[in-house]
Amino acid sequence: MKPALDRGSLALGAYVYTVLAFVIIPLVIIIPMSFGQNDHLEFPPSGFTLKWYAEYFTSRGWRNATWLSIQVAFLTAICATLIGTAATYAMVRGRGQLASLFQILLIGPIIVPHIALAVGLYLFFQTIGLSGTVPGFVLAHTVLALPFVVFTTAAALGKVDANFEAAAMSCGATRWTAFRLITLPLILPSVVSSAFFAFIISFDEPVVSFFLSGVRQKTLPRRMFEDIEQNLTPVIPAIATLLIVLSVAILLGAYAMRSRARS
Amino acid sequence: QDLEDQLVIATTGGLMGNALNKYFYEPFGKAKDVEVVPVAIEVPDQWARAEAMMRTGNVEFDIVTATGPDLVARTNMLEKIDCSQLPNVQKYAVPDACTPYGVARTTGGMLLTYNTEAFKGKAPKTWSDFWDVKQFPGPRGLPDTGDRDWWVPVAALLADGVKPEQLFPLDLDRAYKKLDEIRPHVAVWWKTGDQVQQIMRSRDVVMTMSYSGRSLAIIKEGVPAAMSWEGAIRDTGYMSILKGAPDKKAAMAYLDYFYASTDTHVPFMRDVQYATASKSAIELMKPEERDLYATSPANYEKLVKPDFEWIGAHRDELRQRWTAWLTR
Amino acid sequence: MNVNYPSDKVQAAGAAVRIRRLEKRFQSVIAVDGVDIDVSAGEFLALLGPSGSGKTTILMSVAGFEFPTSGSISVGTEDLTYVPANKRNLGMVFQNYTLFPHMSVLDNVAFPLKMRGVPKAERYARAEEALATVRLAGYGSRHPNQLSGGQQQRVALARAIVYRPRVLLMDEPLSALDKNLREEMQLEIKRLHAELGITVIFVTHDQSEALTMADRVAVLKDGRIQQIGPSRELYERPANLFTAGFIGEMNFINVTAEGSGGNISVLLPSGERWQLPASAAVEPLTGCQKAVLAVRPERLQLGDAHNGFTFRVKVDDVVYAGSASLLIGTLPDSTEIRARLPGASDLSALALGSTAVFTIPKEAILLYPGAAQ
Amino acid sequence: MNVNYPSDKVQAAGAAVRIRRLEKRFQSVIAVDGVDIDVSAGEFLALLGPSGSGKTTILMSVAGFEFPTSGSISVGTEDLTYVPANKRNLGMVFQNYTLFPHMSVLDNVAFPLKMRGVPKAERYARAEEALATVRLAGYGSRHPNQLSGGQQQRVALARAIVYRPRVLLMDEPLSALDKNLREEMQLEIKRLHAELGITVIFVTHDQSEALTMADRVAVLKDGRIQQIGPSRELYERPANLFTAGFIGEMNFINVTAEGSGGNISVLLPSGERWQLPASAAVEPLTGCQKAVLAVRPERLQLGDAHNGFTFRVKVDDVVYAGSASLLIGTLPDSTEIRARLPGASDLSALALGSTAVFTIPKEAILLYPGAAQ
Amino acid sequence: MTTATRSRFWHSDGRRLSGLATLLLLLPFFAIIAFVFIYPLAQLLFISFFEPKPTLDNYARVVANPVYTRVLLRTLWTAMLVTGLSVILGFPVAYYMSRVRGALAALVGVCVILPLWSSVLVRTAAWSFLFQREGLINSALMAVGVTSEPIKLLYTQGAVVIAMTHVLLPFMILPIYGTLRSIPNDYMRAAAVLGATRLRTFTEVILPLSMSGVASGSLLVFLTALGFFITPALLGSPQELMVATLVSQQIREVLDWPFASALVGVLTLFVTLLALIFSKTLRFDRLMGAQT
Ligand SMILES: Nc1ncnc2c1ncn2[C@@H]1O[C@H](COP(=O)(O)OP(=O)(O)OP(=O)(O)O)[C@@H](O)[C@H]1O
Ligand SMILES: Nc1ncnc2c1ncn2[C@@H]1O[C@H](COP(=O)(O)OP(=O)(O)OP(=O)(O)O)[C@@H](O)[C@H]1O
Ligand SMILES: NCCCCNCCCN
Ligand SMILES: [Mg+2]
Ligand SMILES: [Mg+2]
């Protein structure tokens with residue numbers, strides 16, 4: 001008769017889902033704590049209240065921080081996606097001489113300790129008056145998001161046959177037209193998801209913002225860091241819950257978009 | 001008076017920041033038509049920023065928070081304050097409130113706080129009790145923030161039987177030998193005031209060195225905890241003016257304004273759990289309430305008064321010793 | 001030999017292509033090494049050669065996707081050597097269709113017209129027309145992934161001809177299709193070529209495809225042209241050993257040849273001596289020298305047919321292959337010999353290991369200087 | 001017909017494979033629909049069919065990578081239907097070689113022996129031996145990426161036979177190779193089969209490959225067997241219209257047929273009437289009915305050959321193809337007719353648009369009930 | 001006839017962009033990296049060499065003082081632990097991900113990528129909550145009876161390593177997944193038909209073929225872990241002091257910027273060296289394989 005599921009795959013499955021639980025539980029545990037009535041965090045939470053959400057939405061400080069973060073993240077997404085996609089395109093379709101330099105520089109922002117970059121940037125931006133300004137945040141965050149944009153678009157671009165563009169060019173299209181009408185639509189889902197990724201990286205960035213935040217301009221993570229260190233109340237889980245819901249929504253949206261693009 | 005339009009004050013955030021804002025910044029802003037911009041920032045970050053401001057010549061902060069040793073060790077970053085220009089401070093504050101580089105803001109103590117349910121009715125009182133893991137078993141907390149490089153050795157020397165008045169100059173060899181004894185029992189080296197509250201609430205420790213204000217806050221919250229002023233170390237926060245501050249006049253005006261109204265100091269002290277240096281304010285409190293604050297005569301006399309000159313002069317040695325010991 | 005279509009129609013639409021001393025290096029690799037080709041207007045030329053022989057590089061140079069290291073390329077009277085691909089106005093069909101997956105079939109076909117600024121109504125009308133030409137009328141609204149491989153290749157063809165280019169370039173357009181579809185498309189492309197009178201340059205590494213489709217075939221090896229000529233010439237009188245071995249099947253027998261007057265006398269490994277007409281030698285022979293005698297398997301006749309030379313072959317294998325049977329055998333000196341016998345032949349006598357007698361017609365023999373390996 | 005190898009050797013090594021009422025569904029798709037195949041020990045069976053006909057699924061069921069929905073598979077006397085692949089002890093060669101890129105050629109070939117716990121020295125000795133069998137002695141220390149496609153496929157073959165499995169499965173093993181290499185490998189595999197006496201099941205969608213290589217061919221369509229038999233039978237007397245059209249080229253002419261006694265009378269579209277022997281009908285005909293007359297292009301003879309039926313064809317195209325020329329023409333009712341004429345024929349008379357006379361030998365005609373589309 | 005060789009800088013050579021176009025497209029990238037990444041770091045390094053005077057003293061202190069060398073070594077050790085744990089936890093997940101299809105694949109994919117999309121701060125805070133003395137993990141352990149007393153979890157090296165692994169795991173899983181997915185299914189089938197059990201197939205074929213993914217994942221995780229700041233700062237005790245935290249201390253408390261810069265210099269040098277040595281291994285193009 002047909003063999004049943006063997007022990008090997010059962011064990012593998014069990015192990016994998018345990019690891020996934022390890023990955024997910026710290027994110028999930030946050031959610032109920034945002035509804036607790038006490039000022040400090042506890043689990044299981046006592047009572048049920050939405051007051052922490054209310055506090056988040058009504059407090060001017062949180063609102064300002066959130067608004068700043070949204071502005072910065074939005075502009076970062078645009079800059080990183082434009083610069084990253086242009087560079088990736090040049091690397092994939094270009095002459096390839098600068099490839100190794102490009103690779104090394106690209107991973108730089110991931111592996112250089114952010115604290116070092118933060119201090120360096122603070123010194124630099126302070127001299128030229130960019131510290132604590134929206135352009136300052138955007139520049140810094142664009143650097144941090146670029147590697148991820150490039151990885152994502154490079155993977156997509158690598159899958160688009162170079163001959164598509166050649167075909168378009170043999171049909172009379174200039175290279176730019178070929179890119180705009182053929183290549184871009186084909187990599188668009190990845191470009192969009194890299195833009196989301198850049199948005200989230202910026203929206204979530206604690207260390208560099210920590211130093212660059214100015215007297216008035218304070219990003220959401222900077223404020224959260226402050227509160228975690230100095231004033232940990234369930235507002236933090238409430239914000240975290242909102243962020244997680246946002247992330248999941250964006251992720252699922254991206255998945256849906258990709259599967260629609262595929263069919 | 002011709003003040004600048006704004007005044008940037010760096011203070012720790014949280015409770016302290018909120019209360020300062022409510023009782024002092026807003027009224028001052030209204031009264032003098034100056035926009036007060038509070039910057040919530042941890043003291044170390046504040047100094048890091050200040051360092052960068054000095055390096056780049058772009059000074060943003062006017063008033064910063066300084067501790068006693070800072071007034072000695074960081075004079076190169078601070079404006080000298082002319083106390084004669086601050087009549088209200090002269091008039092309402094305790095005598096040593098105005099120093100050449102800072103005006104006292106709040107005073108608390110680094111003191112022993114313990115969980116009242118942990119020792120079946122017995123109550124630890126002194127730093128020797130803190131070291132006594134037989135009688136008072138359970139995980140300890142000690143600070144790894146701010147001025148811990150002398151706070152903790154001071155507590156160790158007291159535990160080892162040194163008289164408070166003979167503490168300085170600190171015998172660091174003796175202190176660290178004593179510290180080696182307690183080290184295995186320290187579960188948390190806490191870094192912020194909020195964290196010390198958390199570890200008391202969550203019972204991650206049964207006993208810890210803590211800011212008096214933070215201890216007071218959790219006691220009021222209903223956590224079964226108590227504090228002992230025996231051997232508490234005086235911890236005064238000063239308001240200092242950063243060298244090259246853009247709004248120096250407004251800063252001076254604010255320093256003076258801080259002590260102008262005795263009435264606001266009482267509710268402020270109740271909110272932040274720390275005493276200000278307003279001698280007139282503490283007198284307005286009932287005696288039993290007064291005893292919750294470091295500046296009540298009963299407590300003030302038990303406080304260890306640190307020798308900032310010595311500490312300021314030996315800052316590097318203190319810190320090196322601490323880091324070397326702690327990261328071993 | 002291909003039937004010739006009325007020549008006036010052909011001349012009208014196609015353009016001549018001249019490739020002169022074309023050379024292309026990639027770092028140290030010489031991909032194309034001094035190639036001259038003249039393709040006349042309306043001609044169908046196949047580039048045939050083993051992998052790496054430079055076929056694609058030549059085609060891409062004509063298309064404008066590689067710029068030559070030296071040499072020149074002109075179409076009609078225009079020098080296009082360094083003109084960008086999109087300004088060349090040539091049609092091109094790629095191996096893997098390269099239909100734009102996010103556009104409908106009609107939009108794909110209309111794309112070149114859009115690039116040329118043709119108004120919408122007109123370009124769709126002309127795209128429909130081109131689809132009809134490749135017998136796909138009515139498929140316009142589908143998406144490429146809803147079509148079979150053959151249909152996709154037809155759409156690619158429609159897209160390449162919709163703007164009436166004078167030259168159509170194709171790089172192994174059929175190699176991704178299976179045999180039946182491939183043969184059908186071969187005829188389709190030939191039909192289109194005849195209908196449109198366009199000049200076609202067609203890359204393939206399948207010699208039977210080249211022979212079937214092209215007016216002339218250029219055989220390449222290592223970036224150089226080995227031979228260029230009409231299919232029949234290539235097949236029946238290959239210019240050198242490489243072409244002889246590469247196109248179709250060929251038996252090679254090492255011999256010693258001695259030319260004298262109108263005759264050539266060859267000494268076979270078996271010791272036999274055959275007298276060949278001088279025309280058998282593809283290159284003139286001088287004195288006594290090593291040579292290779294070449295003959296196609298299908299020209300061998302079973303038995304003594306009295307119209308050529310007979311010889312004996314030990315039967316190693318007989319493989320049935322439908323329309324023909326392939327006999328594989330060896331001469332006494334163990335040279336391998338193959339004979340392709342019509343499907344209906346009676347092969348019952350050919351037991352494994354037995355010896356069979358074959359006849360080679362005199363005119364089927366070619367002689368090359370050198371030695372087969 | 002293939003030459004028979006001494007039968008004792010064949011029987012020794014191979015095992016019989018029995019496939020019974022095999023059915024495999026993927027959700028709603030019925031990939032294999034009740035297939036029965038008996039492969040006798042040492043036989044070479046080809047599975048032939050168009051894409052999606054279920055060839056791979058059958059082979060994968062035998063190999064153990066798909067478990068059938070119902071039915072059974074046995075090898076020798078063992079029922080293997082649900083035995084895991086690694087316990088089946090069958091050899092298998094995949095289309096893309098699947099040599100492990102991180103191992104040397106020798107390690108690749110020794111891999112199955114390692115899995116069977118054969119000691120190191122012995123397994124390398126046996127691997128060397130297997131490499132020698134595929135004529136790659138001395139290549140052991142190379143890495144797969146240092147070999148050509150054909151060599152890689154030989155190594156894959158060596159690896160599949162080194163542990164002397166009794167059955168060798170191959171899924172389009174040659175389709176990634178180019179034509180010349182493919183033909184060489186076809187013979188190589190046949191030689192190996194003869195040498196080892198192993199049972200071979202070979203999947204291909206190339207009918208000439210199936211005919212050339214296999215003792216018997218199973219023709220599949222839509223998961224069902226259309227016909228199973230020796231190559232010659234399939235080619236010369238296909239059992240139904242599908243097989244007739246799928247294997248080789250075939251001309252189809254719609255006729256009306258009337259069987260009576262030993263003879264059949266067919267009415268051609270032209271109005272002519274031919275008398276065929278009863279044996280022409282592949283399925284018995286009853287009374288007067290629509291039928292399809294089928295004849296292979298290579299059986300048509302140019303001119304009136306006096307040994308069959310003659311008819312006239314309008315010449316549409318003549319395509320030179322080296323060893324033969326393909327004539328494409330039409331009957332008066334526009335049925336397309338193809339004739340394959342030997343390469344050496346004189347075709348000068350066949351001008352485009354002229355009419356040619358052809359003869360069909362009586363025995364070359366087959367008759368099927370139904371109508372061609 | 002034109003025979004002059006044309007500069008490929010000025011002209012496209014057909015299919016590929018001209019050198020000029022390539023440069024123009026890369027310009028914004030190199031510009032922003034140069035000004036917002038290289039320059040500020042270079043400035044720090046400058047400080048480390050030239051303050052208070054041109055000197056190597058700052059570097060000498062890093063090497064000479066056992067406190068700092070200990071921190072450097074501990075940082076290396078922690079990064080190695082994190083890398084090891086990531087491989088152990090991540091490989092099977094990557095393997096599983098490369099096998100499953102459909103909805104399950106989407107689920108696993110989301111689970112793996114979600115952490116990348118959520119705040120490091122929040123995750124670290126969550127861990128600190130889980131690790132508390134009376135936190136969820138201790139409660140669970142006590143409920144199950146593994147221990148009767150709460151165990152000290154928070155502010156231990158274990159906590160730091162686990163939480164850092166949690167943060168970095170996606171960077172391990174994605175490259176491995178990328179390589180695993182590029183191994184044709186036929187290799188597994190070939191191994192099976194040749195007699196390999198699933199375990200042997202794994203050890204003999206899948207594992208060796210996925211080593212390049214493991215290598216790039218490991219390098220990425222290792223290098224990133226070296227510079228970690230938030231997690232060790234919030235979850236570790238002073239005994240787990242890592243370089244980035246030391247840097248932060250020197251910058252925020254001690255205000256010894258030349259020395260902090262020297263520490264950054266050592267770390268950056270080390271990281272860049274490793275990245276250069278292994279640049280062949282680092283197939284970053286695969287990193288986001290699961291994303292697209
Ligand atoms: N971009 C390139 N860089 C380096 N070498 C190349 C490049 N393109 C082609 N070559 C080399 O040039 C030679 C000719 O290649 P080309 O693609 O023209 O051959 P081909 O005849 O089309 O072969 P195939 O039948 O395999 O397609 C080969 O040796 C190839 O390796
Ligand atoms: N895993 C699967 N899931 C769903 N359908 C499948 C699967 N495998 C095969 N099929 C379907 O089963 C049918 C038979 O497929 P199979 O691969 O056996 O055909 P084939 O004859 O080998 O074709 P080809 O010549 O293209 O390789 C096809 O319709 C195919 O789409
Ligand atoms: N987060 C730290 C809280 C600091 C409290 N500062 C106390 C100063 C007391 N006077
Ligand atoms: Mg090519
Ligand atoms: Mg198949």
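Residue numbering restarts at 1 for every chain, and letters A, B, ... go by the order of the sequence lines. The analysis underlying the following values was restricted to heavy atoms, covering all of them including side chains, and did not include hydrogens, waters or symmetry mates.
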Q: Quick check: closest heavy atoms across E:Pro92 and A:Val16, and the distance to 0.1 Å?
A: O-CG2, 3.6 Å
Q: Who wins among E:Leu199, E:Thr268, E:Leu45, E:Ile230 for the most heavy-atom pairs under 4.5 Å with chain A?
A: E:Ile230
Q: Which bit of E:Phe228 comes within less than 4.5 Å of chain A, counting heavy atoms only: side chain, backbone, both or neither?
A: neither
Q: Where does E:Leu263 contact chain A at under 4.5 Å (heavy atoms): side chain, backbone, both or neither?
A: neither
Q: Does any heavy atom of chain A fall under 4.5 Å from the side chain of E:Leu121, the backbone, both, or neither of them?
A: both
Q: Would you name the heavy atoms of A:Met224 and E:Val122 that are closest together and state the gap between them?
A: CE-CG2, 3.4 Å
Q: In Å, rounded to the nearest 0.5 Å, how long is the span from CG of A:Leu12 to CZ of E:Arg198?
A: 8.5 Å
Q: Heavy-atom pairs under 4.5 Å with chain A: which of E:Leu25, E:Val243, E:Ile162, E:Val108 has the most?
A: E:Leu25
Q: Sort E:Ile251 into side chain, backbone, both or neither according to what part of it lies under 4.5 angstrom from a heavy atom of chain A.
A: side chain
Q: Most heavy-atom pairs under 4.5 angstrom with chain E, which of A:His114, A:Met33, A:Glu165?
A: A:Met33
Q: Is it the backbone or the side chain of E:Ile47 that comes under 4.5 Å from a heavy atom of chain A, or both, or neither?
A: side chain
Q: Enter the distance from A:Ile107:CD1 to E:Ser216:OG here, rounded to the nearest 0.5 Å.
A: 11.0 Å
Q: Tell me whether the centres of the aromatic rings in A:Tyr17 and E:Tyr96 are closer together than 6.0 Å.
A: yes
Q: Heavy-atom cut-off 4.5 Å, strictly under: side chain, backbone, both or neither for E:Leu114 against chain A?
A: both
Q: With a 4.5 angstrom heavy-atom cut-off, could you sort out which part of A:Phe225 is near chain E: side chain, backbone, both or neither?
A: both
Q: A:Val23 versus chain E, heavy atoms under 4.5 Å apart: side chain, backbone, both or neither?
A: both
Q: Under a 4.5 Å cutoff for heavy-atom pairs, which residue among A:Ala162, A:Pro109, A:Pro206 has the most contacts with chain E?
A: A:Pro109
Q: Does any part of the side chain of E:Leu44, heavy atoms only, come nearer than 4.5 Å to the side chain of A:Val119, both counted from C-beta?
A: yes
Q: Would you mind checking which part of A:Ile29 comes under 4.5 Å of any heavy atom in chain E, side chain (CB onward), backbone (N, CA, C, O), both or neither?
A: side chain
Q: So for A:Phe211, is it side chain, backbone, both, or neither that comes closer than 4.5 Å to the heavy atoms of chain E?
A: side chain
Q: If we define contacts as heavy-atom pairs under 4.5 Å, which of E:Leu226, E:Thr245, E:Ile38, E:Val110 has the most with chain A?
A: E:Val110
Q: Measure distances from E:Ala125 to the heavy atoms of chain A and classify the residue's part below 4.5 Å as side chain, backbone, both or neither.
A: side chain
Q: Find the distance between CD1 (E:Ile113) and CZ (A:Phe197) and round it off to the nearest 0.5 Å.
A: 7.5 Å
Q: With chain A as the partner, which of E:Tyr95, E:Phe37, E:Trp257, E:Phe229 has the greatest number of non-hydrogen pairs under 4.5 Å?
A: E:Phe37
Q: Mind checking whether A:Leu20 and E:Val112 have side chains closer than 4.5 Å, heavy atoms only?
A: yes
Q: Less than 4.5 Å to any heavy atom of chain A: does that hold for the side chain of E:Ile88, its backbone, both, or neither?
A: both
Q: When only pairs under 4.5 Å are counted, which of A:Ala118, A:Gly120, A:Ala240 shares the most heavy-atom pairs with chain E?
A: A:Gly120
Q: Highest number of heavy-atom pairs under 4.5 Å with chain E: which of A:Phe125, A:Phe196, A:Phe203?
A: A:Phe196
Q: Minimum heavy-atom separation for E:Phe29 and A:Leu146, please, with both atom names.
A: CD1-CD1, 3.7 Å
Q: Picking from A:Leu27, A:Thr18, A:Ile244, A:Val207, which has the most non-hydrogen pairs under 4.5 angstrom with chain E?
A: A:Leu27
Q: Taking every non-hydrogen pair under 4.5 Å, which of E:Leu136, E:Leu23, E:Val264 racks up the most with chain A?
A: E:Leu136
Q: Go through the atoms of E:Leu267 and report whether side chain, backbone, both or neither lie under 4.5 Å from a heavy atom of chain A.
A: side chain
Q: If you apply the rule side chain to side chain contact (heavy atoms under 4.5 Å, CB included), what do you find for E:Leu26 with A:Met91, and how did you get there?
A: CA-CA 8 Å; E:Leu26 284 171; A:Met91 278 340 288; 3.8 Å; yes
Q: Could you check which of A:Gly158, A:Ala116, A:Ala140 has the highest count of heavy-atom pairs closer than 4.5 Å to chain E?
A: A:Ala116
Q: Tell me, out of E:Leu24, E:Leu89, E:Val120, who's got the most heavy-atom pairs with chain A below 4.5 Å.
A: E:Leu89
Q: What are the two closest non-hydrogen atoms of A:Pro26 and E:Ala126, and how far apart are they?
A: O-CB, 3.1 Å
Q: Tell me whether the rings of A:Phe22 and E:Trp127 are parallel (<30°), tilted (30 to 60°) or perpendicular (>60°).
A: tilted
Q: Is it the side chain or the backbone of A:Ala166 that comes within 4.5 Å of chain E heavy atoms, both, or neither?
A: side chain
Q: Taking all atoms of both residues into account, what is the closest heavy-atom pair of A:Val112 and E:Leu41, and its distance?
A: CG1-CD1, 3.9 Å
Q: Ignoring hydrogens and angles, write down the donor-acceptor pairs under 3.5 Å from the side chains of residues 218-225 of chain E, residues two or more places apart or on other chains.
A:
residue, atom, partner, partner atom, Å
E:Ser218, OG, E:Val214, O, 2.7
E:Thr224, OG1, E:Leu220, O, 2.5

